[in-house]
Amino acid sequence: MEVALKDILLTKGKEWLGIDIDPSWIQFQPTRKGVRGDVTLMVFSFAKALQLPPAEVAERIGKHVKSEVSFVADYEVIQGFLNFVFSETLWSDQLISINQNDSFGIAEPNSKQLVMVEYASPNTNKPLHLGHLRNIFLGYAVAQLKKAYGHQVIKTQVINDRGIHICKSMLAWHRFAPLQSNGERETPANSGLKGDKLVGKYYVEFEKHLQLEVKEVLARWNAGDFSNTSAAALEKFQELNLALVGKDEKAQAAISDKIKELAKNETEILRAAKDMLVRWEGRDPETYLLWSTMNGWVYEGFDVTYQRMGVDFDKLYYESDTFLLGKDQVMDGLARGVFYQKPDGSVWIDLTPDGLDEKLVLRADGTAVYMTQDIGTAIERFHDYPALSGIVYTVGNEQDYHFKVLFLILQKLGYAWAADCFHLSYGMVDLPSGKMKSREGTVVDADDLMEEVVNAATVMTQERGQIAELSETERSVLFESIGMGGLKYYLLKVDPKKRMLFNPEESIDLTGNTGPFIQYTHARINSLLRKAGSIQFDESALVIEFGEIELIKLLAAFPQTIAESADNYSPAVLANYLYELTKAYNSFYQQSPILTETNEGLRAARLLISKNVAKVLKTGLTILGINAPERM
RNA sequence: GGCUCCGUAGUUCAAUGGAUAGAAUAGAAGUUUCCUAAACUUUAGAUAUGGGUUCGAUUCCCGUCGGAGCUACCA
């Protein structure tokens, strides 16, 4: 509709107004609620160019459009806003065409380019937590959105399966896992503990012992005992100690932290973990076996979690495979002068001309850092998928700087596709008690949380659900759908860019702006349709009144909502649309009889609207990764 | 210190530079002889602050105040 109006304005505008029309003047928006009209043209730009009052210009355009455009029944001018009123037949035609399209809102599959969406990307030393849930639901929903918008999509993750953090868990397990009567140490099989939980437990164990040792080292240092301390550490310690004098409290705390950090590196246990990393990189068989065994446990655990979350991946990248890939690229870039080498052998890039810092890309000992690996992985991906038109990295906003640097480096290395890499940066999830901190035990475990929301949904649904006809299995599927639906919606309805607060009580709410509210409406419509049987109607006899138009308008906005949501990498746009639609429908449902309506044309129109609202809700929820139960 | 992001009802969230700043929740008052009351209706309540640009600013620019993140030869 807007396109047609724009065309006629461009072709006839000069004739009507006597000046050339600049396309940028033509700005439409949906007519404001409570004002008569369907679409609004803003005429301020026209008025400025013509040097006439906006209302007068609007009146002139409106008169011409009304007489020359068939679907414009009327117009109304309010200040600089020209509101067009569309004809009733237009709306009934819209409803019929929406009804005929079973995949309404979904673009032709693979009609757009191939994109890769990376999400999850966990470390293999501890279980997934609430922060991962936002990441994973978001990444999955964006992948689904891109698909719905016509893109071919590859879902991927990089598994951070190597490094000092893994060695910490390995070492702690090796040292502290109790030996059982059959000579085995604790495993998922013999303890019944989920693999990722078990490994995480030993990571915590490591940190505990580390803290104890740090205390001991500090006590020794303060007592003047520097045996077992490296000369460099001693020198640094004395320097920091001197720096403490005469500083304010805040500065002193910062220095104390640095001293602690120094002491950490002098502990036996951390040295042992570092030794282990060296042995791992040297492919020491025993270390390698331990590493692959414990990672295997973690993957089994993650699989269970991912399955419950309802997400999957098309392609996995393991850091242990890719961490060396970037090295060649760095050496190549060094030869071409993109990077430079310091006397100690470390390789850097100077980004100060771009307003950033100098950044390390390869350690003095020749080993890879995070950045090295990411350079390599990105290039590898474009090798693996030559048709790839871009990568979406779903990673928290604390890494904004990292990705800015990464994309800049890729660009400087001469990869034109660097411009097609996008950091989908999302905000942290806070708890009412403040930030999640693993050290303080305030982390919300993903499995525990999912269990909790499903339990809550179970209780509530048993209280008020219409589930008498459902079997035991169907019920448990339903409880799962409602609990998980609520959780997903709760995390997805907020603009991804924004930091959000996770309130455990609100996350299991069923009323208001929640997933179950939308699911409920969908189920209720299905119940209505079951009772109605097949819908017989005469296309030309449909009766459309004001209340119906509001809903058809909303339905018609679904495809552009998908587009906007996909373009902005924001499932929240879609979530909020579904909520608006649900609210509007519920209000309509309350005041308009449907099955009992005696006017055949009106009854048919209302049934068609109901059916298509349910269709759109289901399509939309599915994109968000949320189930839409038939009854609840 | 430097860089980046964020300040909207009591609370949690909305609003491509547009009309009277929307919802939810908590509060107050209502709606079941009728299609699922997990619903609906009514009511009260907010743009941190000072400037600027604009016909028009929650939105863009500058300052102030408040909060967060980054600033590792960790990933």
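Numbers restart at 1 for each chain; the letters A, B, ... are given by sequence-line order, proteins then strands.
A distance of about 15 Å separates the P atoms of B/G2 and B/C62, rounded to the whole Å. B/A38 and B/U54 have their C1' atoms separated by 47 Å, with the value rounded to a whole Å. Between B/G17 and B/C13, the two C1' atoms lie 22 Å apart (nearest whole Å). For B/C40 and B/G66, the C1' atoms lie 41 Å apart once the distance is rounded to whole Å. Straight-line distance between the P atoms of B/C34 and B/G30: roughly 22 Å, to the nearest whole Å. Taking the P atoms as reference points, B/A19 lies 30 Å from B/A39, given to the whole Å. Rounded to a whole angstrom, the distance from the C1' atom of B/G67 to that of B/G27 is 29 Å. Separation of the C1' atoms belonging to B/U8 and B/U4 is 22 Å when rounded to the nearest angstrom.
Pairing analysis of RNA chain B (Watson-Crick: purine N1 to pyrimidine N3 plus N6-O4 or O6-N4; G-U wobble: N1-O2 and O6-N3; both under 3.5 Å) yields stems of 3 or more pairs at B:1-7 with B:65-71, B:10-13 with B:22-25, B:27-31 with B:39-43, B:48-52 with B:60-64.
Set against B/A19, B/A37, B/C74, the side chain of A/Y589 has B/A37 as its closest nucleotide. Closest to the side chain of A/Q399, out of B/A75, B/G69, B/A19, is B/A75. Side-chain proximity of A/R32 to the nucleotides B/A19, B/C73, B/G69 is greatest for B/A19. Taking the side chain of A/W348 as heavy atoms from C-beta on, and the options B/G69, B/A37, B/C73, the nearest nucleotide is B/C73.
Using modelled atom types, one finds no donor on one side chain facing an acceptor on the other under 3.5 Å when comparing A/Q373 with A/Y317. Looking only at atom types and distance, the side chain of A/D400 has a donor-acceptor partner in the side chain of A/S425 under 3.5 Å away. Side-chain N/O atoms of A/Y426 and A/N397 include no donor and acceptor closer than 3.5 Å. For the residue pair A/D161 / A/S320, a side-chain donor-acceptor distance below 3.5 Å is found, with atom types taken as modelled. With 3.5 Å as the limit, one finds no donor-acceptor pair spanning the side chains of A/S565 and A/S570.
Contacts of A/D321 classified as salt bridge (Lys or Arg N to Asp or Glu O under 4.0 Å), with partners at least two apart in sequence or in another chain: none. Applying the side chain to side chain donor-acceptor pair (under 3.5 Å) criterion to A/Q51, with sequence neighbours excluded, gives no partner residue. For A/E319, the side chain to side chain donor-acceptor pair (under 3.5 Å) partners at least two apart in sequence or on another chain are A/R162.
Residue contacts for A/Y579: at a heavy-atom cut-off of 4.0 Å it reaches the sugar-phosphate backbone alone, with no base atom in range. Using a 4.0 Å heavy-atom distance criterion, A/Y370 is classed as a base contact. Residue contacts shown for A/N83 include a base, since a base heavy atom lies under 4.0 Å away. Base engagement by A/T461 is indicated by at least one non-hydrogen atom pair under 4.0 Å involving a base atom. The residue A/T511 sits close only to the backbone: its heavy atoms come under 4.0 Å of sugar-phosphate atoms, none of a base. Base contact: A/L528 has a heavy atom under 4.0 Å from a base atom. Among the heavy atoms of the strands lying under 4.0 Å from A/S592 is at least one base atom, whether or not backbone atoms are also near. Residue A/R631 is in base contact, counting any heavy-atom pair closer than 4.0 Å across all strands shown. Nucleic acid contact for A/Q79: none, since no nucleic acid atom lies under 4.0 Å from a heavy atom of the residue.
Heavy-atom distances under 4.0 Å link RNA chain B to A/F517, A/Y520, A/A523, A/R524 of residues 514-525 of chain A, given in residue order.
Centre separation under 5.5 Å together with a plane angle under 30° does not hold for the ring of A/F81 and the six-membered base ring of B/G18, so they are not marked as stacked.
A salt bridge links A/E630 with A/K618: the closest approach of a Lys/Arg side-chain nitrogen to an acidic carboxylate oxygen falls below 4.0 angstrom. A/E261 has no carboxylate O lying under 4.0 Å from a charged side-chain N of A/K258, or vice versa, which leaves the two without a salt bridge. No salt bridge links A/K126 with A/D196; every basic N to acidic carboxylate O contact stays at or beyond 4.0 Å.
Among pairs with a residue in residues 491-522 of chain A, those fulfilling ring-ring contact (aromatic ring centres under 6.0 Å, His included) read A/Y490-A/F502, A/F517-A/Y579, at least two apart in sequence or across chains. Each salt bridge (Lys or Arg N to Asp or Glu O under 4.0 Å) pair with one or both residues in residues 519-535 of chain A, not counting sequence neighbours, would appear here, but there are none. Listed by first and then second residue, the side chain to side chain donor-acceptor pair (under 3.5 Å) pairs that reach into residues 344-359 of chain A are A/Y340-A/E358, A/D344-A/S346, A/S346-A/W348, A/D350-A/T352, A/D354-A/K412, A/D357-A/Y401, sequence neighbours excluded.
Classification of the A/F84-A/F28 ring pair by plane angle, with boundaries at 30° and 60°, yields tilted. Classified by interplanar angle (parallel below 30°, tilted 30° to 60°, perpendicular above 60°), the ring pair A/F323/A/W280 is tilted.
Comparing A/I594 and A/K404 against RNA chain B, the residue whose closest nucleotide sits nearer the 5' end is A/K404. Position along RNA chain B of the nearest nucleotide to A/G512 versus A/M632 favours A/G512 as the more 5'-ward residue.
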When you compare the protein's N or O atoms with those of nucleotides 41-46 of chain B, which come within less than 3.5 Å of each other, and at what distance?
residue: B/U41; atom: OP1; partner: A/S587; partner atom: OG; Å: 3.0

For nucleotides 5-16 of chain B, print each protein N/O atom paired with a nucleotide N/O atom at under 3.5 Å, atom names and distance only.
residue: B/C13; atom: OP1; partner: A/L501; partner atom: N; Å: 2.6
residue: B/A14; atom: OP1; partner: A/D495; partner atom: N; Å: 2.6
residue: B/A14; atom: OP2; partner: A/K498; partner atom: NZ; Å: 3.4

Margin query: For a quick check, with a 4.0 angstrom heavy-atom cut-off, what is the B/S/- contact string for nucleotides 53-58 of chain B, read 5' to 3'?
Written below: --B---
Show which side-chain atoms of residues 270-277 of chain A pair as donor or acceptor with protein atoms under 3.5 Å away, not counting sequence neighbours.
residue: A/R271; atom: NH2; partner: A/E266; partner atom: OE1; Å: 2.5
residue: A/K274; atom: NZ; partner: A/N265; partner atom: OD1; Å: 3.1

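Contact annotation: A/R363 side-chain N/O to B/C74 OP1/OP2 distance is under 4.0 Å.
Evaluated for a side chain to side chain contact (heavy atoms under 4.5 Å, CB included) with A/N160, the options A/N125, A/I166, A/N123 yield exactly one hit, A/N123.
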